[in-house]
Amino acid sequence: MKKAIVYGGGNVGRGFIGQLFSESGYEVVFVDINLTIIERLNKDRSYPIRIVEDERYTEVVVENVRGVYAGDIERVAEEIASADIMATAVGVNVLPNIVKTIAMGLKKKWLEGNFKPLNIIICENLLDADRYLAKLIKQELNEKEIVYFDNTIGLVEASIGRMIPVITKEMQEGNPLRVWVEPYCELPVDKASFKGEIPEIKNMVPFAPFDFYIQRKLFMHNMGHAVVAYLGFLCNKTYIWESVKVPEIKLIALRALIDSAAALSSEYSVPMQQLVNHAEDLLYRFGNKLLGDTVKRVGRDPLRKLSRNDRLVGAARLCSKQGINPVYMALGIAAGIKFAFETKDDIASQNLYLLQEKNYIDNLLEGLCGLVDDLMPVAQMVKEFYSMIQVGCNLDELLSKAEKLKRMNLTKVGGIHREAVR
């Protein structure tokens, strides 16, 4: 039987990648530092996934699985050396901690005369994750091994769109392996990065150029999620599903998504209707009540999410490049700044000086967001919205202002310029 290694037995590893590998006929070996997870995998050789949709659910059992403790480096290297496919789902910050073991496994594979291609699907939320991981692994290889690596190892970026909430003890219902997920289960991957024949994996969608999927995930899914979270925070909402049911928030998020869809359509020559359908589907999925995703979780680490190439400002930049006025994104950015200032979460506090200086709004927009020069109109809109938020304007007033600003500008939709009715 074919063997798949999943480095990371957490929610994404079990709740998404492991399920697809198992249902594609692979024995799935999870590598993780959590002994509770490893011991239970080896005891049960299966685990439950609860697929939740609004207020109902179904449960499936993922079978033919086992676990290996990540601290047993020799054992992990042996598993990697004999693997047919592999994936990482450990989190970006953990990647540097696993490359020595991956390199050991690859060296063992080559020493045994096994030069069959091995593709590693990188399930991490990081732009250019393939280049980053390649650089880390190559630091552990000699010149000859680097040649082997370049010829036989495929580092394949993936776009992880399945929403998986933080699992509480109550949700586990006595089984630490149980994961709750939404029904969406598509895995877009970079078609051009595979070495050898592309394996048949259920729901895997090889696509090139993959930049489109990376930006669709970041500038639609992540951007829309952030807009709903930050506006929900202004309304004292606890859950994302509560926020998206507020009509004004849903409308603002939809319009931001449509603007992003138009920009992506122009940038990648993808049919606009396909992206509009995706936008509508995202809003439906955000309203999934049983996922229980919170405003604070989706909004956390706001200063990273407000940086120049991330979900909100990056999407606004792409819109501006395509001649689309990103009014609704500017409103989302303003709400995100309010969230950062009010919550001062542990990551935001590392950059607290940006929030404490007298001209912190200018410091943020220029230093963090990079909204300067040709993007100054976006910065000005953000400042206007932020001033309104500061004096207590409600969503109706913010929406009216956004609609007025949108009518004042030349817009571009689906590659056709037209001036909105004033």
**Report entry** Carboxylate-amine/guanidinium contact E182 R162, below 4.0 Å
**Finding:** no
Query raised in the report: What is the minimum heavy-atom distance between K195 and N119, and which atoms define it?
Result: N-OD1, 2.8 Å
Requested in this report: Decide yes or no for P326 and D259: does some side-chain heavy atom of the first lie under 4.5 Å from some side-chain heavy atom of the second?
Outcome: no
Report task. Measure from the side-chain N and O atoms of S266 to the backbone N and O of A262, and report whether any donor-acceptor pair falls under 3.5 Å. Result -> yes
Report task. Please check if any side-chain donor atom of K202 sits under 3.5 Å from a side-chain acceptor atom of Q19, or the reverse. Result -> no
Requested in this report: Dump the intermediate steps for side chain to side chain contact (heavy atoms under 4.5 Å, CB included) on H225 and H221, then the final yes or no.
Outcome: CA-CA 6 Å; H225 224 187; H221 188 147; 4.2 Å; yes
Query raised in the report: Is the backbone N or O of P165 less than 3.5 Å from a side-chain atom of W180, with the two atoms forming a donor-acceptor pair by type?
Result: no
Query raised in the report: Heavy-atom count around F207 CZ within 6.0 Å, excluding the residue itself: above 12?
Result: yes
Query raised in the report: Got a sec: does the CD of E248 have more than 12 other heavy atoms crowding it under 6.0 Å?
Result: yes
Requested in this report: Evaluate the side chain to side chain contact (heavy atoms under 4.5 Å, CB included) criterion for residues L20 and M204: first the C-alpha distance (whole Å), next the side-chain angles of each, then the deciding distance (0.1 Å), finally the verdict.
Outcome: CA-CA 8 Å; L20 297 189; M204 187 174 78; 5.8 Å; no
Query raised in the report: Below 4.0 angstrom, N of the basic side chain to O of the carboxylate: do K406 and E403 qualify?
Result: no
Query raised in the report: Given side chains that start at C-beta, do those of Y213 and D190 come closer than 4.5 Å, heavy atoms only?
Result: no
Requested in this report: Please answer whether the main-chain N or O of K383 pairs with a side-chain N or O of S387 as donor and acceptor at a distance below 3.5 Å.
Outcome: yes
Query - Pairwise distance CG(L257) to CE(M329) - rounded to 0.5 angstrom - result: 7.5 Å
Query - Residues E53 and Y284: side-chain donor-acceptor under 3.5 angstrom - result: yes
Query raised in the report: Does a side-chain heavy-atom distance below 4.5 Å link V156 with I122?
Result: no
Query - Spatial distance of atom CG (N34) from atom OH (Y69) [nearest 0.5 Å] - result: 9.5 Å
Requested in this report: Locate the shortest heavy-atom distance separating L41 from G67; write the atom from each residue and the value.
Outcome: CB-N, 4.0 Å
Query raised in the report: Taking all non-hydrogen atoms of both residues, which atom of V61 and which atom of S46 are closest, and how far apart?
Result: CG1-CB, 3.8 Å
**Report entry** Interatomic distance, I389 atom CD1 to E384 atom CD [nearest 0.5 angstrom]
**Finding:** 12.0 Å
Requested in this report: Can you see which heavy atom on L141 is nearest to which on A103, and at what distance?
Outcome: CD2-CB, 4.1 Å
Report task. Classify the side-chain pair E124/T88 by whether it contains a donor and acceptor separated by less than 3.5 Å. Result -> yes
Report task. Carefully, step by step, assess V246 and K237 under the rule side chain to side chain contact (heavy atoms under 4.5 Å, CB included). Result -> CA-CA 10 Å; V246 176; K237 299 300 180 185; 3.7 Å; yes
Query raised in the report: Is the closest side-chain heavy-atom distance between R50 and V181 below 4.5 Å?
Result: no
Query raised in the report: If you measure from the Lys or Arg side-chain nitrogens to the Asp or Glu carboxylate oxygens, is any gap between K401 and E397 under 4.0 Å?
Result: no
Query raised in the report: When you measure from the side chain of S243 to the backbone N and O of Y239, does any donor-acceptor pair fall under 3.5 Å?
Result: yes
**Report entry** Which residues share a salt bridge (Lys or Arg N to Asp or Glu O under 4.0 Å) with E267, sequence neighbours left out
**Finding:** K321
Report task. Might you confirm whether atom CD of E197 has over 12 heavy atoms from other residues, nucleotides or ligands at distances under 6.0 Å? Result -> no
Query raised in the report: With no hydrogens and no angle check, do the side chains of N277 and Q273 hold a donor and an acceptor under 3.5 Å apart?
Result: yes
Query raised in the report: Donor-acceptor pair, K338 side chain versus I333 backbone, under 3.5 Å?
Result: no
**Report entry** N93 atom CG: more than 12 heavy-atom contacts under 6.0 Å
**Finding:** no
Query raised in the report: Is the side chain of E242 donor-acceptor paired with the backbone N or O of T238 at a distance under 3.5 Å, no angle test?
Result: yes
**Report entry** R297 atom CZ, over 12 foreign heavy atoms within 6.0 Å
**Finding:** yes
Query raised in the report: Can you check whether E63's main-chain N or O pairs, donor with acceptor, with S22's side chain at less than 3.5 Å?
Result: yes
Requested in this report: Please indicate whether K100 has more than 12 foreign heavy atoms, meaning atoms of other residues, nucleotides or ligands, lying under 6.0 Å from its NZ.
Outcome: no
Query raised in the report: Rounded to the nearest 0.5 Å, how far apart are CG of L133 and CD1 of I102?
Result: 5.5 Å
Report task. May I ask you to test the R255-K250 pair for a side-chain heavy-atom distance under 4.5 Å? Result -> no
**Report entry** Residue pair E186 / P188, side-chain heavy-atom distance below 4.5 Å
**Finding:** yes
Report task. Taking the side chain as every heavy atom from C-beta outward, state whether V313 and S307 have any pair of such atoms under 4.5 Å apart. Result -> no
Report summary line: From the list R66, K3, K2, side-chain hydrogen bond (donor to acceptor under 3.5 Å, both in side chains) partner of E27 resolves to R66
Query raised in the report: How long is the gap from CD1 on I120 to CD1 on I80, to the nearest 0.5 Å?
Result: 7.5 Å
Query raised in the report: Checking R317 side chain against G370 main chain: does a donor-acceptor pair fall under 3.5 Å?
Result: yes
**Report entry** Residue pair V12 / A89: nearest heavy atoms and the distance that separates them
**Finding:** CG1-CB, 4.2 Å
Query raised in the report: Under the side chain to side chain contact (heavy atoms under 4.5 Å, CB included) criterion, do Y7 and T101 qualify, and how do the steps go?
Result: CA-CA 11 Å; Y7 219 128; T101 309; 3.6 Å; yes
Query raised in the report: Would you call the rings of F339 and F233 parallel, tilted or perpendicular if under 30° counts as parallel and over 60° as perpendicular?
Result: perpendicular
Query raised in the report: Backbone N or O of D128 within a donor-acceptor pair of the E157 side chain at under 3.5 Å?
Result: yes
Query raised in the report: Nearest heavy-atom pair of R14 and I49: which atoms, and what distance?
Result: O-CD1, 3.5 Å
**Report entry** V68 and F30, any side-chain heavy atoms less than 4.5 Å apart
**Finding:** no
Query raised in the report: Looking only at atom types and distance, does a side-chain atom of R308 sit under 3.5 Å from a main-chain N or O of C369, one as donor and one as acceptor?
Result: no
Report task. Nearest 0.5 Å please: distance from the CG atom of L405 over to the OH atom of Y328. Result -> 9.0 Å
Query - Pi-cation contact, F219 with R311 (under 6.0 Å, within 45°) - result: no
Requested in this report: Give a yes or no on whether F210 atom CZ has more than 12 heavy-atom contacts from other residues, nucleotides or ligands under 6.0 Å away.
Outcome: yes
